[in-house]
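Let me begin by presenting the structure, written as structure tokens, before commenting on it.
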Number of protein chains: 2
Amino acid sequence: MKGIYLVTDPGLCREKSVELTVADALRAGVGCVQLREKNSGTRAFVETAIRVKASMAGFDVPLIINDRIDVALACGADGVHIGQDDMPAVLARKLLGPDKIIGLSVESWEDVEAAQELDVDYLGVSPVFPTTTKTDTKTVWGLEGLSRIRTFSRHPLVAIGGLDLSNARDVILAGADSIAVVSAICGTEDPYGAAKKLCDTVNPIIK
Amino acid sequence: MKGIYLVTDPGLCREKSVELTVADALRAGVGCVQLREKNSGTRAFVETAIRVKASMAGFDVPLIINDRIDVALACGADGVHIGQDDMPAVLARKLLGPDKIIGLSVESWEDVEAAQELDVDYLGVSPVFPTTTKTDTKTVWGLEGLSRIRTFSRHPLVAIGGLDLSNARDVILAGADSIAVVSAICGTEDPYGAAKKLCDTVNPIIK
């Protein structure tokens with residue numbers, strides 16, 4: 001989990017479909033794509049996921065499904081991202097097997113400590129800065145909180161929440177392995193250009 | 001799929017929890033329990049499902065999960081019930097394997113015809129009568145529509161929508177194998193008594 005991590009938001013993508021936004025982001029060099037569909041039914045989510053998965057053939061970039069392990073299994077995704085109110089990580093691992101990617105959001109220090117013992121592949125440090133895309137989160141970690149997690153955790157860290165071109169470099173230097181963005185790509189007129197600038201900023205400084 | 005089929009509704013169960021309502025319904029002799037949780041997060045749904053599944057030990061009654069195949073797999077349920085906007089039946093069968101129960105709602109004659117070729121275990125004929133519990137349905141089948149499906153379909157039929165003690169007998173005589181109820185059990189002061197009366201009415205006349 002390295003570089004720019006695109007999280008899709010169908011509402012923000014608007015007339016530019018999720019598939020076209022993902023295609024732009026892949027061309028620009030993002031390192032991971034997560035589909036997040038909070039308001040669609042299972043069938044619509046599965047159908048989008050199958051189309052996106054097919055469109056990612058030829059790119060060595062994982063497709064992660066937010067929350068829904070059934071959707072991940074149905075579309076052959078590379079993994080899931082779960083929050084603290086989603087499927088418990090132990091059950092998620094059981095359902096997905098040893099090889100799929102599981103990302104887990106940490107929203108408190110208790111979450112960070114509990115995650116240390118869990119068989120997950122990365123932590124989503126959420127939110128690093130205040131954000132309007134996701135409003136059900138608790139702690140705002142800030143760069144200091146992120147660094148504190150970096151010192152403690154054995155897992156790669158994906159930072160999310162209020163991240164864009166203006167702060168991506170600082171967030172990587174504070175310890176993130178990857179910068180997750182929603183509106184900084186989905187909410188723009190030119191997703192390819194926005195993703196390209198983010199990749200050009202972040203990729204040279206990641207280990 | 002025979003007799004009374006309880007579909008839970010956490011909103012209607014109110015102070016009487018879903019688990020206690022299920023326990024009452026099992027004692028009264030229902031033939032199937034479906035958990036439907038439209039508004040809770042995945043973790044809460046899974047936790048409820050695991051508790052309900054444990055409480056059903058010793059009863060030879062299947063536990064069906066509405067829509068969510070991930071929840072069904074996580075709690076070891078006996079099957080899922082899917083609507084036309086949920087996971088496509090072919091994918092559901094692939095994820096669940098050959099032995100789990102899959103029920104499919106049919107809301108139009110096209111759905112009934114398409115279901116004939118599908119590897120599902122029963123059809124949910126929805127709604128037979130107008131209902132306030134579920135408002136996103138299309139056709140109201142009526143007893144005539146139900147009989148027409150009975151004549152055509154190779155699958156067992158679970159009738160749902162506006163069913164209660166006053167019409168359960170007629171619905172069985174029109175061709176249903178099972179009577180699904182939500183508010184006629186969950187929305188009552190005495191779920192055990194309500195379920196018992198329904199079972200006493202329906203069980204003697206089912207084949």
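Just so it is clear, the values below take in all heavy atoms, side chains as well, and ignore hydrogens, waters and symmetry mates. Throughout, protein chains are lettered first and strands after them, A, B, ... in sequence-line order, and every chain is numbered starting at 1.
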Q) What residue, out of A44(B), A72(B), S40(B), P88(B), has the most heavy-atom pairs lying under 4.5 Å from chain A? A)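 Top option by heavy-atom pairs under 4.5 Å: P88(B).
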Q: Count the heavy-atom pairs under 4.5 Å between each of G41(B), G83(B), A92(B), A74(B) and chain A, then report the option with the highest count.
A: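 So the answer, after comparing G41(B), G83(B), A92(B), A74(B), is A74(B).
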**Q.** Closest contact, heavy atoms only, R43(A) versus Q84(B)
**A.**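 Closest pair (atom of R43(A), atom of Q84(B), distance): NE-O, 2.7 Å.
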**Q.** Heavy-atom closest pair, residues V71(B) and M87(A)
**A.** N-CE, 4.3 Å
Structural part of [X] lying under 4.5 Å from a heavy atom of chain A:
| X | result |
| --- | --- |
| I50(B) | side chain |
| L91(B) | side chain |
| L95(B) | side chain |

Q.
Please determine whether the number of non-hydrogen atoms from other residues, nucleotides or ligands lying under 6.0 Å from atom CZ of R27(A) exceeds 12.
A. yes
Q | Residue pair L73(B) / I69(A), side-chain heavy-atom distance below 4.5 Å | A | no
**Q.** From D67(B), D86(B), D70(B), D85(B), residue fulfilling side chain to side chain donor-acceptor pair (under 3.5 Å) relative to T42(A)
**A.**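 The passing option is D67(B).
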